[in-house]
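First up is the structure itself, then whatever we jot down about it.
When reading the values below, keep in mind they use all heavy atoms of this one structure, side chains included, and skip hydrogens, waters and symmetry mates.
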Amino acid sequence: MSRKLAVRLPLLVAMALGVWLWRSNLFPQPRELILLLPASGARVTQVEVQLYAEGGGELLAREERTFEGEAPSVLRLEIPLRRGRYPCRAFLRDASGAERALRGTADVGDERAVEIELR
């Protein structure tokens with residue numbers, strides 16, 4: 001083994017190990033959650049989204065959005081998550097204050113973007 005290779009080899013091994021650990025399930029990875037909202041007869045003015053740990057336990061993320069005009073049919077959230085299954089709840093409020101509760105599940109694998117259909 002040449003001297004140059006002997007000097008560089010530990011650094012290359014450490015870099016490869018670091019990349020492998022960084023991409024592994026040991027650390028949460030940034031994920032884009034794409035929430036598909038159903039069509040609603042009433043004009044939605046506010047949406048609250050809650051994401052829970054597996055089994056419906058701890059609240060991991062909560063985000064509230066308010067809309068002046070028409071609410072979009074798709075919401076995008078950026079959240080760091082590990083692989084797994086995460087229950088999601090959304091509450092849609094219209095201009096009169098009436099609330100509609102929706103549920104869905106985020107099945108997070110290796111992909112960066114995860115779609116959640118709320119019903």
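In this structure, Ile34 is not a member of the same hydrophobic cluster as Tyr52, with clusters built from ILVMFWY side-chain heavy atoms closer than 4.5 Å. A single hydrophobic cluster is not seen to contain both Leu37 and Phe91; linkage of ILVMFWY side chains at heavy-atom distances under 4.5 Å, directly or through other members, places them apart.
Heavy-atom neighbours of Arg8 CZ from other residues, nucleotides or ligands within 6.0 Å: at or below the threshold of 12.
Scanning both residues, Leu75 and Pro72, for their nearest heavy atoms gives CD2-CG, 4.0 Å. When all heavy atoms of Pro28 and Pro80 are compared, the pair lying nearest together is CB-C, 3.9 Å. Considering every non-hydrogen atom in both Ile79 and Ala61, the closest pair reads CD1-CB, 3.8 Å. Contact between Ala53 and Pro87 at its shortest, heavy atoms only, is O-CD, 3.5 Å.
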Original post:
side chain to side chain contact (heavy atoms under 4.5 Å, CB included) between Leu81 and Val114: does it pass, once the steps are laid out?
Top reply: CA-CA 11 Å; Leu81 295 172; Val114 178; over 6 Å; no

Exercise for review: Run the numbers on Leu36 and Leu118 for side chain to side chain contact (heavy atoms under 4.5 Å, CB included), then give the verdict.
Suggested key: CA-CA 6 Å; Leu36 307 173; Leu118 297 172; over 6 Å; no

Would Arg112 and Glu32 satisfy side chain to side chain contact (heavy atoms under 4.5 Å, CB included), going step by step from the backbone distance to the final call?
CA-CA 6 Å; Arg112 184 174 168 354; Glu32 180 181 28; 4.0 Å; yes

- Query: Could you walk me through whether Arg82 and Glu54 pass the side chain to side chain contact (heavy atoms under 4.5 Å, CB included) check?
  - Reply: CA-CA 11 Å; Arg82 292 185 173 114; Glu54 287 187 78; over 6 Å; no

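Taking 4.0 Å as the cut-off between side-chain N and carboxylate O, Arg62 and Glu64 count as a salt-bridged pair.
For the salt bridge (Lys or Arg N to Asp or Glu O under 4.0 Å) test, residues two or more places apart in sequence or in another chain that qualify with Arg93 are Glu48, Glu99. Applying the salt bridge (Lys or Arg N to Asp or Glu O under 4.0 Å) test to Asp107 and every residue at least two apart in sequence or in another chain returns Arg85. With sequence neighbours excluded, the residues that form a side chain to side chain donor-acceptor pair (under 3.5 Å) with Glu63 are Arg65.
Rounding to the nearest 0.5 Å gives a distance of 11.5 Å between CG of Leu17 and CE of Met15. For the atom pair Asp94 CG and Arg43 CZ, the distance stands at 9.5 Å (nearest 0.5 Å). Distance check, rounded to the nearest 0.5 Å: CD of Gln50 to CZ of Arg89 gives 5.5 Å.
The closest side-chain heavy-atom distance from Glu115 to Glu117 is not below 4.5 Å. By the 4.5 Å heavy-atom criterion applied to side chains, Tyr86 and Thr105 are not counted as neighbours. For the pair Pro30 and Glu78, the minimum side-chain heavy-atom distance is below 4.5 Å. By the 4.5 Å heavy-atom criterion applied to side chains, Leu92 and Gln46 are not counted as neighbours.
Exactly one of Leu51, Val47, Val74, Leu77 qualifies for a side-chain contact (heavy atoms from CB on, under 4.5 Å) with Leu35. That residue is Leu77.
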